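Positions are given from 1 along the sequence. All values derive from a computational prediction rather than experimental measurement.
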Amino acid sequence: MDVLVAVTGASNYYRSAEFFLHSKECNPRHDHAYDRSVECFRAAAFYTTPRIEPVQIPYEGTTLPGYLYRADDSGTPRPTVIMHNGFDGTAEEMHFFGAPAAIERGYTVLVFDGPGMPGPRHHQGLVFRPDWENVITPVIDFAETIPEVDNSRIALLGLSRGGVLAPGRPRSSTGWPR
């Protein structure tokens, strides 16, 4: 069996376990399942070409976890898709919802977990906020520092509840100095 398939599969199994451990009571296996899912995904990322790079996105005195997918190693600025999930989806899960398909088509991809999503919720206690433009703005600011991002061609894709949150960004775009 291909190592990449095996390890991304293991990551997804742990992610599924984490999903089904949600309850009112804190289940001690919850954080373990989430952390193992991330560990497996990062192990799999090591075997990708070009490599999927874990990133930490500066956000209000802390960071948001994410991954940078490059189409190649040329350093060429490319159209970019910023992807995020919803309430119970993870940045790692976005791998299965189109990140590799976008890089195959020449895009740079930045995926992240925002406040209320598993990484920031488990490890920093960050909860969802209604003014999602205040989450997306620092993510876009971070993206614009990456040489492979064409700053004039950035798209935002939100999955599940993320599809409800994503339109919040245009709400503040009229005052956005870009």
Scan side-chain atoms only and decide if E148 and T108 contain a donor-acceptor pair under the 3.5 Å cut-off. no

When you look at F112 and F142, which way does the ring-ring contact (aromatic ring centres under 6.0 Å, His included) test go after all the steps? CA-CA 11 Å; F112 75 98; F142 175 80; over 10 Å; no

Identify the heavy atoms of G114 and W132 that sit nearest to each other, and give their distance. CA-CH2, 4.0 Å

Any side-chain heavy atom of P50 within less than 4.5 Å of one from D73? yes

Would you say E18 and S37 make side-chain contact, with heavy atoms under 4.5 Å? no

Kindly determine whether M83 and L110 satisfy side chain to side chain contact (heavy atoms under 4.5 Å, CB included), including the steps that lead there. CA-CA 6 Å; M83 301 171 72; L110 178 63; over 6 Å; no

Exceeds 12 heavy-atom contacts within 6.0 angstrom, atom OH of Y59: yes

Distance in Å, I146 CD1 paired with N151 CG, rounded so as to fall on 0.5 Å steps: 9.5 Å

Could you tell me whether R129 and E60 make a salt bridge, using a distance below 4.0 angstrom between a side-chain N and a carboxylate O? yes

Tested for ring pair (Phe, Tyr, Trp, His ring centres under 6.0 Å) against F41, the lone hit among Y67, F96, Y47 is Y67

Is the shortest side-chain N to carboxylate O distance from R42 to E39 below 4.0 Å? no

If you measure from OG1 on T80 to CZ on R70, what distance do you get to the nearest 0.5 Å? 11.0 Å

Run H84 and V135 through side chain to side chain contact (heavy atoms under 4.5 Å, CB included) and show every step you take. CA-CA 11 Å; H84 65 85; V135 175; over 6 Å; no

Could you tell me whether the side chains of N85 and E93 share a donor-acceptor contact shorter than 3.5 Å? yes

Between F128 and I57, is there shared hydrophobic-cluster membership here, with clusters defined by ILVMFWY side-chain heavy atoms closer than 4.5 Å? yes

Short question: side chain of D150, backbone of P77 - any donor-acceptor pair under 3.5 Å? no

Check whether V55 and V109 end up in the same hydrophobic cluster, where Ile, Leu, Val, Met, Phe, Trp and Tyr are linked by side-chain heavy atoms less than 4.5 Å apart. no

Shortest non-hydrogen contact between A10 and C40, atoms and distance: CB-SG, 4.0 Å

Quick check against the 3.5 Å criterion: does T137 have a side-chain atom that pairs as donor or acceptor with the backbone of N134? no

Ionic contact status for R78 with D72, cut-off 4.0 Å: yes

To check you understand the geometry: which heavy-atom pair defines the closest contact between P118 and T90, and what is its length? CG-CG2, 3.6 Å

Shortest non-hydrogen contact from A45 toward I52: CB-O, 3.5 Å

In terms of hydrophobic clusters joined by side-chain contacts under 4.5 Å, are L159 and I103 together? yes

Verify same cluster id: I154, L64 (apolar side-chain graph, 4.5 Å): yes

Atom pair CG (D88) and CE (M117), whose distance is rounded to the nearest 0.5 Å: 10.0 Å

Candidate list D113, D31, D35, test side chain to side chain donor-acceptor pair (under 3.5 Å), partner H123, passing option: D35

Nearest 0.5 Å, what's the CG-CD distance between N12 and E92? 10.5 Å

Side-chain heavy atoms under 4.5 angstrom apart, residues restricted to Ile, Leu, Val, Met, Phe, Trp, Tyr: same cluster for L157 and V111? yes

Going through the checks in order, is the side chain to side chain contact (heavy atoms under 4.5 Å, CB included) test met by Y69 and E53? CA-CA 7 Å; Y69 292 71; E53 178 185 341; over 6 Å; no

Taking the six-membered ring of Y34 (Phe, Tyr or Trp), confirm whether the NZ or CZ of R15 is under 6.0 Å from its centre and within 45° of its axis. no

Side chains of I82 and V139, heavy atoms from C-beta outward: is any pair under 4.5 Å? yes

Contact summary for P120 and P115, nearest pair of heavy atoms: CB-CA, 4.2 Å

